[in-house]
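Worksheet for the structure shown next.
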Amino acid sequence: MSTMADPTGAPAAWPDTYGDEAKERMGFFTDTSICIGCKACEVACKEWNLVPEDGMVWTGESYDNTSTLGANSWRHVAFVEQNEPLHVDGDQPDALRWLMSSDVCKHCTHAACLDVCPTGSLFRTEYGTVVVQEDICNGCGYCVPACPFGVLDKRHIPRHSGDPPAEILGLQLGKKEDGRVWKCTLCYDRLKGGHEPACAKACPTDSIQFGPLDELRERAGQRLEKLQAENWNGARLYGHDPNDGVGGFGAFFLLLDEPEVYGLPPDPVVTTSHLAEMWKTAALATGALVVGVVAGFLGGSR
Amino acid sequence: MGSNMAENHPVGFQWVLEARERGARVFHVDPRFTRTSAMATDWIRIRAGSDIAFLGGVVSYILEHDRWFDEYVEHYTNAPVIINEDFVDTEELDGLFSGWDPEAGEYDVGTWQYAGMEVHGAAGQREEGFKPTKGEGSGHGGHGGGLKHGEPPEEDPTLEHPRCVFQLLKRHYARYTPEFVAETCGCSKEQFLDYCEAICEASGRERTGAFCYAVGWTQHTVGVQYIRTAAIVQQLLGNMGRPGGGIVALRGHASIQGSTDIPTLYNILPGYLPMPHTEAYGDFESYMDANTSPTGWWGNFKAYWVSLMKAYFGEHATAENDWLFEKLPRIDDDNSAYWTTLQMLDGKVKGYLIAGENPAVGNTNAKAHRLALANLDWLVVRDLVEIESAAFWYDSPEIESGELKTEEIGTEIFFMPAAAHTEKDGSFTNTQRLLQWHWQAAEPKDDCRSELWFYFHLGRLIKQKLADSEEPRDELIKALRWEYPTHSQIQEPSAEAVLQEVNGWEIESGEFLSGYPKLKDDGSTLCGCWIYCGCFQDGINQTARKKPHWEQETYVAPEWAWAWPANRRILYNRASADPDGKPWSERKKFVWWDAAESKWTGLDVPDFEQDKPPDYRPPDDAKAQDAIAGDHPFIMQADGRSWLFVPQGLEDGPFPTHYEPHESPFGNPLYRQRANPRRQQFERPENPYNPVDGEPGSELYPYVATTYRLTEHHTAGGMTRSIPYLSELQPAMFCEVSPELAAEAGLVHGGWATIYSTRSAIEARVLVTDRIPPIEVQGRRTHQVGLPYHWGTRGLTTGGSANDLSPIVLDPNVHIQEVKAFSVGIRAGRRPRGKALTEFVDGLRAQARERREQAERVEPESERST
Amino acid sequence: MSTTDVGTNMRSYYGRPVLKEPVWQPEIPFYFFTGGLGGASSVLSLVARWTGNDLLAQRSIQIASAADAVSPLLLISDLGRPERFLNMLRVFKVTSPMSVGSWILAYSSAASSMSAFLNTIGRLRHVAELARTASAVSGAPLAIYTATLISDTAIPVWHEARKELPFLFGSSAIASAGAAAAIAVPPPQAGPARRLAVGGVLAENVLFKLMEKRLGMVGEPYSKGEAGRFKKIAAGCTLGGAALLAGPGRRSRLAAAAGGALTLAGEVAVRWSVFKAGFQSARDPKYTVEPQRERQSARSRTAPGTGAGSV
């Protein structure tokens, strides 16, 4: 039924609706200061989740040929080459640094995709993560522009042979494409089996850390302190704050520059935060429409 | 240095990051800023091919500023040893050492010997002195020599004698000043000095530092000497045999260490026993004599040999028939990969078997290899997919250009699909000599078969066919022990049974042996590889132990897998204790002498005879390991010391010397001898060389190219360019150039470039980046071109092969190709196609030749080839 | 080469979008049109009935029914999995304008088609009138909710215009209903229809301008690319159509039809302009990043204790 976003900072409908089955909220802390850009996360995710290949396009954008998250890329390693020092330590005229960061669905506390999904396909799991039920999704695509991070997308590849398009009245209603929206599930099936997600497992340097969200937030705070003490250039946390525009991310980051440098929005706000205002405006406009039509008859019914 | 660990060993690299997190300084010294540099605390840019200049400068700094670890150097290295009075250094001979024979093109190492030692004359004479073996003939060790007492005849413990190794070292590197380093390597003096200080600070009793290297060091005509220079640095700083020290080789394949231990090299047998040679060794006695060292563990050579013969031939090898020695095949030539390829080009090789390798893309001058394969009568290729080496006859640049025509290629090709590592049991042996077992997870599909299956059944079938043969040449085949249990529908042989054989057993009792000291030379023991003996001790597959390190007592974690020899994790670890057997410091204690128990003990298996006290001094007639004193940790060496100066075993000098790469835009700033005089050159029509610095024509190939790997692909691409998940991560061949080079050559980022040498030309997408900056060397600026070498014509992502551009010119000691520094030209746009390609390449080559012939030679022909 | 400055000091990841463009196909802007037409026509039909203009009432409910019949087909066709269209009615979610709207459309279609059918065959009068009322009650929100739907996304040109879009869509709906009725009804009885068409056109053109102005930089898509072109077409067609309706359309059936058709074309163009603007707004990262950066800087200026190290 209705899933209004909860202003108190917890994701809506969790953990209450789960009762006894609710688990600790799990998430990711991606510490990009130790990411070596190996892309094991991208490959492990694809292998575990049978995500299809996403296009053989050489972009020339440093070593990033994946470019963006999407229906067929659930982990995306960004590469940014900068003429900047890694540490702020005196004069370094020829400094070079290479930022590497593995992006993923943020599993927002207040998730716009979940809020706008009309079929109830998107739901919040007992772990507090956000998952698309692919047997319900009908590809309406509403979640796609709703996400402030541009995570979700529709899968255009041909359907599997075992899943033929439906026929009604002899007409082929179904399209040839998969047509549904796909995104990171935080390896829901692996969590149920007591394992960590594939990307976290594969990450050789533990840049991707998985665990209970509060623990991760604490660890991240300490990590930031250490980096700041060591004068790391630009170190900051992104998405750790439960008071931010999406109520804090379930998958948050330690970045070394502004979010937009990595292709991330600096100050994302879940669109649902203005829901009340929008419905109010809709009501007013509806009223205005009725008034307007009536006004058209004021000069007589002819 | 010479490596890119984060990109090529990402899992191992996590430990480097752990060290960094704890405050270690991580220096990445490299021509490019790679993903490793991004993680390092410091990146020092140097020119590709100048590492010896850099490290030699470090040696000089250490000696200059008295930063060497005195007690260690005095007792554990051959620093005090006095060298033959006829020895002359490169400083006096303008880049050559004494003993150079220009006719033969090689060194007579007689003058490099320790003073007071004669060089052995005939075989079979037990005199003091070293056998004149070098390169691979030296058997990968400092053995084959003979020293009474295990002590050199003349030494100066004060290190002051003008001909002691220490002083020779000082003189040899005197001109490798910080200024020289900055000028020759293109780095800044400040960075260099900072580096020297840092590694000196990180050494001594309380601290150690390590080097990690890979093919950035080995793939040079002075590759072995690169590593030698680091070895000198580490010996001076006292970092060998100590925890956190050493020189770590980052291997290119999961089990390439294993491929030399149980070798796939033509000139050695399991455990580095030398292959018998038609000329060098004569009869069995002479062979034993030549290879049995009077001192050190090689003194038990015969036991290792006989046990191996029992493994091969079982009851057929007996003391009476000298363990079938006379029947064994002998090598009579260099049969290394490149030499064999050249023989193929000359039509002298009939058949070839390629297994898990792709020379048509992965070997230097890949084009020559494709032409060579077309000259065979038959070729067998075993791989996961139909790689370029199997498809060259219809799909290759030469088919496109018309240089080869499918219908004219006489090679009959058998492609035998291979099973992947997940489809079979087996072990990997890694750089730490760790044997790690893995189990089969899935059955191979269709006709795919493992290596073990293939060779076992091949041998079985051959034996079957020859069972009734009376021919003498078939005797050995018939004598082969060839019984392994098989299982599963396809009759897969038991890998564990093979491991058991490698470990060996006492023949009568069948008991598995616990280590190589148990091997006998009387035929009562059987062992497939003496250094692996113990991997199956107590009948347990020791290599399959998987206890995680957090469940073990110490960080050494000896119960994970099994390291050869004897599960020893750090070799020469006796050096982690001082001459009296006490740890250098509490912090760095590793193994030590327990006086109460009268034995060596510690965190690791001591690499020393357990009950030999530190104050043991060998009697005059002591043999083998008994001839090594209690304070000499380097027990595989004849004198128990680590060698700063290498009197025998190397083709190209007892000290590393800065030589320019074979193809370089720069001359040698120190010596008249430009490049390694001993490098192996094979100039011929299929393998032309670019003109070098100063020579007219060199301006046509003015840039330094270097080849390398990316994380996303593996070597020649057979394993990765057929997988969509990896191919999409790096879906095109590209070159890396600086903005300055792009401007100079008119290259557009994201566009195409054609890169060319006298060998061939390829095309690549252009990635303009600041990470491969131009270098200022000897007052001149030049550019470097970065080339990943993964691509070929097959697979989901295809592209030009970087190795089409590189020359066949090899390190003389181990025949490794120089692909880390060679010269190229570059221009914008895609390459010419079809015949136009060869016309383009040949045209430039002809132009270069013309210019060279017209002008006076910088390097006269006779010197050019030396 | 690494980071891109886009005009200002804004930084981006190789100039790539931060958001994803909608995956909606051309069916959707046409649906905005048919939904508005159908919804407003239902209301028009009811008011016409109340004021005794039965012909206008009948034509309008027929128009509403036709539009409401096409609307679901357009939506189903746009789905990635059309055979799962019934999943739209699995839940009723107030946080999802698409969920609410699907229910509204379902009721509205049922009501308007029932009313039109019964009205046309002249049977079950009371049921027909009830159905007409139901249709109007659901029709009004039907014409508006699609504006809420697109406002309720992260797309800046839509979300930041959440105050104006519902009124814009409402005006456009009124204009469409009026124009369509003016074609279907002879001029003597089409007075209110003409008035609604002209009034709607004027209101919508003013609203569009106001919205664009208030959006500032975020409204830039309306002056560029396809969104800009459609907007120009919309202005021309709607104003031209309104002129025809207000002038010769009062006497000439032909002029009225022409004016009505032109107006309808203009309304389609309005929906297309808004639709395309969303794509353009998602495509250029500056529309997302710059306002957020400004908002954040403003926040940290007024609250200096927020400290470095957090974003």
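- Between B:Tyr725 and A:Val51, the closest heavy-atom pair is OH-O, 2.8 Å.
- Looking at A:Ile34, both its backbone and its side chain come within 4.5 Å of chain B, counting heavy atoms on both sides.
- Taking CG of B:Leu710 as the reference point, atom NZ of A:Lys39 lies at 8.5 Å (rounded to 0.5 Å).
- Other residues, nucleotides and ligands place no more than 12 heavy atoms under 6.0 Å from the NE2 atom of B:His421.
- Taking both residues in full, the closest heavy atoms of A:Leu96 and B:Asp770 are given as CD1-O, 3.6 Å, listed atom of the first, atom of the second, then distance.
- Interface remark: of the candidates B:Arg765, B:Glu18, B:Glu736, B:Arg765 forms the most heavy-atom pairs closer than 4.5 Å to chain A.
- The part of A:Glu42 that comes within reach of chain B is its side chain, from C-beta onward, which places non-hydrogen atoms under 4.5 angstrom from that chain.
- Between the side chains of A:Asn65 and B:Glu728, no donor-acceptor pair of N or O atoms lies under 3.5 Å.
- Note that B:Arg771 lies outside the cation-pi zone of A:Phe79, set by a 6.0 Å cut-off to the ring centre and a 45° limit from the axis.
- Neither the backbone nor the side chain of A:Cys203 comes within contact range of chain B, judged by heavy atoms closer than 4.5 Å.
- Shortest non-hydrogen contact noted between B:Gly750 and A:Trp58 is CA-CZ3, 3.9 Å.
- In this structure, the portion of B:Leu17 lying under 4.5 Å from any heavy atom of chain A is its side chain and not its backbone.
- Across all non-hydrogen atoms, the minimal contact from A:Pro204 to B:Pro10 is CB-O, 3.5 Å.
- Contacts of B:Leu726 with chain A are made by side-chain atoms alone, with heavy-atom separations under 4.5 Å and no backbone atom involved.
- For A:Val77, no part lies under 4.5 angstrom from a heavy atom of chain B.
- Taking a 6.0 Å sphere around NZ of A:Lys23, one finds it holds more than 12 heavy atoms contributed by other residues, nucleotides or ligands.
- Taking both residues in full, the closest heavy atoms of B:Leu796 and A:Met56 are given as CB-CE, 3.9 Å, listed atom of the first, atom of the second, then distance.
- Across A:Glu81 and B:Thr769, no two heavy atoms sit closer than the pair OE1-OG1, 2.6 Å.
- Looking at B:Gln730, the atoms closer than 4.5 Å to chain A (heavy atoms on both sides) sit in the backbone and in the side chain alike.
- In this structure, chain A has no heavy atom under 4.5 Å from any part of B:Val16.
- Enclosure of atom CG in A:Asp189 by more than 12 non-hydrogen atoms of other residues, nucleotides or ligands within 6.0 angstrom is indicated.
- Here the NZ-CD1 distance, from A:Lys46 to B:Ile723, works out to 13.0 Å after rounding to the nearest 0.5 Å.
- The neighbour count for B:Lys445 NZ, taken as heavy atoms of other residues, nucleotides or ligands under 6.0 Å away, does not exceed 12.
- Only the side chain of B:Trp43 comes within contact range of chain A, judged by heavy atoms closer than 4.5 Å.
- Contact count versus chain B (heavy atoms, under 4.5 Å) is highest, among A:Gly55, A:Ala202, A:Ser207, for A:Gly55.
- Residue B:Glu712 touches chain A through its side chain alone, counting heavy-atom pairs closer than 4.5 Å.
- Counted within 6.0 Å of CZ on B:Arg22, heavy atoms from surrounding residues, nucleotides or ligands total 12 or fewer; the atom is thus considered open.
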Please evaluate residues A:Tyr63 and B:Thr711 with respect to the criterion side chain to side chain contact (heavy atoms under 4.5 Å, CB included), reporting the C-alpha separation (whole Å), side-chain torsions for both, the decisive distance (0.1 Å), and the verdict. CA-CA 10 Å; A:Tyr63 279 6; B:Thr711 312; over 6 Å; no
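- Note: B:Arg35 leads B:Gln14, B:Arg20, B:Glu21, B:Arg35 in heavy-atom pairs under 4.5 Å with chain A.
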